[in-house]
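Read the numbers this way: they start at 1 and go in the same order the structure lists the ligands and their atoms. Here the structure is a predicted model, which is why all the values come from computation and not from measurement. Below, all heavy atoms of this structure are taken into account, side chains as well, without hydrogens, waters or symmetry copies.
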Amino acid sequence: MSFPHDAAAESVFPRDAVEAVTHPDPYPFYRQLRQERPLFFDTRLGLWVASSHAAVSAALVHPALRVRPPAEPVPRALQGGAAGEVFAQLVRMTDGDFHAVHKPGVARAARRWALADVARAAEDAARDLRPRLPVNEFTAALPVQTMARLLGVPEGQREATCRWAAQFTQGIAPGADAQAVALANAAAAALMAQGRAQGLSAVQAANRIGFMQQALDAGSGLLGHVALHLTQDAQQAAAADASPEAMCALVREVERCAAPIQNTRRFAAEALTLRGQPIAAGQALLLVLASANRDETLNTQPDRFHVHREGGRSVGFGAGLHACPGAAIAVEMVAACALWMRAAGQFDAYFGRCIGFRPLPNARIPVFEQ
Ligand code: HEM
């Protein structure tokens, strides 16, 4: 599935797997990587790039491949600030004993919501935001507004809470400037105070922020890709409108086909061999999840969009110890939002034409003409 808007640009391959994230159609490039060099050291990027299902999946479960560089568990720019303190307690950003002790509690916290609650929260957020936001602001706000409702943030605090979650997310991103880090510190302090006031421990309060942060870009990307698919294929859209189950099945196939988190990173804590390649201690790897999903060894006819495919598999929500505990929430949230919006009318006109992707190194988030 590609979303062409510039035939000339589309015919030129991206220079690397990071540029691919915002390329009009990265999938032929990913296919070439899988066929010719499924795991190689990219000198432009200065890291290993894994694109096949075998290489990505081996890396996701390798015990010496960590989510942070061992020498810098918290990014230097965040050390000593409130954002750094939160970062250090996120299961997403930690390995070893800390992760093993706290991941089960985080996963339990994500399971506490029935999918019907998730659908209600997403519909409520859509009903509130749709009339007052242009489309790109809407896709940016919907996931975090849904999470804030699920997390019990009172109505009067919701706007500020979602703004803080966005500021935290922007400030912890690699390359954030001093002003973004300062905003992230203030946001982290405010969100921690909110969580502690709910009676949560510091780790629980930090991972409550993590829920909103993880939902933000990934959820916007998934919603955007689902909207693109629905506006481009009237027949499949009509079939998806038939029931929540049908819409969820479409959302799952969109996620497999157009993974909103195109890649994730790992860092070698010690020298290791992966798929026959020697990786030195300290080297980084880019795991191209979106490419692995299109590998024939993971899915038959992987480039075909097939809602009712038998045994469809995706690594788009990660795998192994760091697998996403919010996958079911994400699918339900986007499906409920899409169903509500389509029933409310003007869906195709609201989403309009895709004119590119937000300039991010890992999340592929469609930008619509507005
Ligand atoms: C479309 C939406 C989403 C996508 C595509 C997505 C994808 C991912 C991926 C790929 C990872 C693994 C990262 C890695 O191993 O490097 C991850 C981890 C995580 N996700 Fe999600 N996610 C989504 C929504 C959510 C939501 C709604 C929540 C909140 C409930 C959530 C909570 C988390 C957490 C806490 C982790 C860290 C788990 C760990 O490191 O042990 N995600 N997600």
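Within the 4.0 Å heavy-atom cutoff, Gly316 counts among the residues contacting ligand 1. Contact annotation: Val67 has no heavy atom less than 4.0 Å from any atom of ligand 1. Look at Ala323 and you'll find a heavy atom under 4.0 Å from some atom of ligand 1.
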Fill in: Arg92/Gln213 under side-chain hydrogen bond (donor to acceptor under 3.5 Å, both in side chains): CA gap, chis, key distance, verdict
CA-CA 10 Å; Arg92 171 67 186 82; Gln213 174 229 337; over 6 Å; no
Item to complete: Given side-chain hydrogen bond (donor to acceptor under 3.5 Å, both in side chains), test Gln262 with Tyr30 step by step and report yes or no.
Response: CA-CA 11 Å; Gln262 294 259 301; Tyr30 289 156; 2.7 Å; yes
Discussion item. Assess the residue pair His53 and Asn293 against the criterion (side-chain hydrogen bond (donor to acceptor under 3.5 Å, both in side chains)); give the C-alpha distance rounded to whole Å, side-chain angles, the decisive distance to 0.1 Å, and a yes or no.
Written reply: CA-CA 7 Å; His53 159 49; Asn293 278 359; over 6 Å; no
Discussion item. Before you tell me yes or no, could you show the steps for Leu287 and Asn263 under side chain to side chain contact (heavy atoms under 4.5 Å, CB included), namely the whole-Å CA-CA distance, both residues' side-chain angles and the distance that decides it to 0.1 Å?
Written reply: CA-CA 5 Å; Leu287 315 182; Asn263 64 61; 6.0 Å; no
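Polar contact with ligand 1: present for Thr264 (N/O pair, distance under 3.5 Å). Backbone and side-chain nitrogen or oxygen atoms of His99 are examined, and one is located within less than 3.5 angstrom of a nitrogen or oxygen of ligand 1.
Through chains of ILVMFWY side-chain contacts below 4.5 Å, Leu360 is grouped with Ile365.
Under the 6.0 Å distance and 45° angle rule, Arg294 counts as a cation-pi partner of Tyr27.
Protein nitrogen, oxygen and sulfur atoms, that is N, O or S, within less than 2.8 Å of atom 21 (Fe) of ligand 1 amount to 1.
In this structure, Phe351 and Phe368 approach most closely via the heavy-atom pair O-CD2, 2.9 Å. Heavy atoms only, all atoms of each residue included: Ala119 and Glu332 are closest at CB-OE2, 3.6 Å.
If you check each of Glu332, His322, Gln262 against atom 39 (C) of ligand 1, the one with the closest non-hydrogen atom is His322.
Within 6.0 Å of the CD atom in Gln179, the count of heavy atoms belonging to other residues, nucleotides or ligands does not exceed 12.
For the side chain to side chain donor-acceptor pair (under 3.5 Å) criterion with Arg34, the lone passing option out of Ser52, Ser291, Ser51 is Ser291.
When each atom of ligand 1 is checked for a heavy atom of Ile329 under 4.0 Å away, the hits are 30 (C). Listed by atom number, the atoms of ligand 1 under 4.0 Å from Leu222 heavy atoms are 1 (C).
Taking the six-membered ring for Trp, Phe357 and His23 have ring centres at least 6.0 Å apart.
Contacts between Arg266 and ligand 1, counted as non-hydrogen atom pairs separated by less than 4.0 Å, involve the side chain only. When non-hydrogen atoms are compared, ligand 1 lies under 4.0 Å from the backbone of Leu321 (N, CA, C, O) but not from its side chain.
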